[in-house]
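Accompanying notes for the structure given below.
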Amino acid sequence: VTLSMKNMFGVVPGAVYGWPKNVLHWSGIGASIIDINAALEVPRFNIVDGIVGMEGNGPIQGEPKHAGVLVFGDDPVAVDATCARLMSIDPWRVSYLSEAEAFLGNIASERIAQLAEDVDTLRQDFRVLESFEELKITPRAAAG
């Protein structure tokens, strides 16, 4: 999922790491996301514009999907976990999120202060590539 933590790729200079940050992709996107977020001062406030998201094979071949949400927070892991849940993706199954939960923020819904709409009322089924189907929320995981 490309959300607030992945957005930190933007602070890494393309002149050094190539475009579109190929070295980071070849090293492993998940590990690179964790490394960048751990090395840099974590943003104090994160905003994910989910009014129109993307599903499928993003970022070039994906398709726009109206989600109609904005997600704000001071914990990038919690923001991204909440966004994943809104897309019917289990954040515990997203490797960099589950690893980041150990030292960068919170994934567990009971540790995230949800101040507005209930995630379950806004959840949509975002289409993912077949190779990522295991990331989808199962009925048992929907409660967490």
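Worth knowing before you read on, the calculation uses all heavy atoms, side chains too, and leaves out hydrogens, waters and symmetry mates.
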Suppose we screen for side-chain hydrogen bond (donor to acceptor under 3.5 Å, both in side chains). Which residues come up paired with Asp125, at least two apart in sequence or across chains?
Lys136
Leu24 side chain near Ile29 side chain, heavy-atom distance below 4.5 Å
no
Per the side-chain contact (heavy atoms from CB on, under 4.5 Å) rule, which among Asn37, Ile33, Asp35 passes with Tyr96?
Ile33
Heavy-atom side-chain contact between Asn106 and Val77 under 4.5 Å:
no
Flag if over 12 foreign heavy atoms under 6.0 Å of CD, Glu130
no
Is there a donor-acceptor contact under 3.5 Å from the side chain of Glu55 to the main chain of Arg127?
yes
Start with the C-alpha distance between Val94 and Ile89, add both sets of side-chain angles, then the distance that settles side-chain contact (heavy atoms from CB on, under 4.5 Å), and finish with yes or no.
CA-CA 8 Å; Val94 177; Ile89 294 172; 3.8 Å; yes
Any chance CZ of Phe72 has more than 12 other-residue heavy atoms, nucleotides or ligands included, within less than 6.0 Å?
yes
For a 4.5 angstrom cut-off between non-hydrogen side-chain atoms, does Gln124 reach Ser88?
no
According to a hydrophobic-cluster definition based on side-chain heavy atoms being under 4.5 Å apart (Ile, Leu, Val, Met, Phe, Trp, Tyr only), do Leu40 and Val16 belong together?
yes
May I have all residue pairs that pass salt bridge (charged side-chain N to carboxylate O under 4.0 Å, His left out) and include part of residues 95-105, sequence neighbours excluded?
Glu101-Arg111
Looking only at atom types and distance, does a side-chain atom of Asp49 sit under 3.5 Å from a main-chain N or O of Ile51, one as donor and one as acceptor?
yes
Quick one: are Leu129 and Gln61 in side-chain contact, heavy atoms under 4.5 Å?
no
Keeping the roles fixed (side chain from Asp118, backbone from Thr121), state whether a donor-acceptor pair exists under 3.5 Å.
no
Single-linkage hydrophobic cluster, 4.5 Å side-chain cutoff, Ile60 and Phe132 together
no
May I ask whether Val79 and Val119 are part of the same hydrophobic cluster, defined by side-chain heavy atoms of I, L, V, M, F, W, Y residues being less than 4.5 angstrom apart, directly or through others?
yes
What is the minimum heavy-atom distance between Ser109 and Arg85, and which atoms define it?
N-NH2, 3.6 Å
Per-pair distances, 0.1 Å, donor-acceptor, side chain in residues 1-10, under 3.5 Å, sequence neighbours excluded:
| residue | atom | partner | partner atom | Å |
| --- | --- | --- | --- | --- |
| Ser4 | OG | Asp80 | OD1 | 2.6 |

Apply side-chain contact (heavy atoms from CB on, under 4.5 Å) to the pair Val48 and Leu70, showing each step before the final yes or no.
CA-CA 6 Å; Val48 174; Leu70 295 170; over 6 Å; no
Side-chain heavy atoms of Asp90 within contact of Leu135, under 4.5 Å
no
May I ask you to test the Arg93-Ser98 pair for a side-chain heavy-atom distance under 4.5 Å?
no
Tell me the closest heavy-atom pair linking Gly50 and Ala67, and the distance in Å.
O-CB, 3.1 Å
Can you see which heavy atom on Pro76 is nearest to which on Asn46, and at what distance?
N-ND2, 3.5 Å
Short side-chain to backbone donor-acceptor contact, Arg123 and Met87, under 3.5 Å
no
According to a 4.5 Å side-chain heavy-atom criterion applied to Ile, Leu, Val, Met, Phe, Trp and Tyr, with indirect links allowed, do Leu97 and Phe103 form part of one hydrophobic cluster?
yes
With clusters defined by side-chain heavy atoms of hydrophobic residues (ILVMFWY) lying less than 4.5 Å apart, directly or transitively, does Ile112 cluster with Ile107?
no
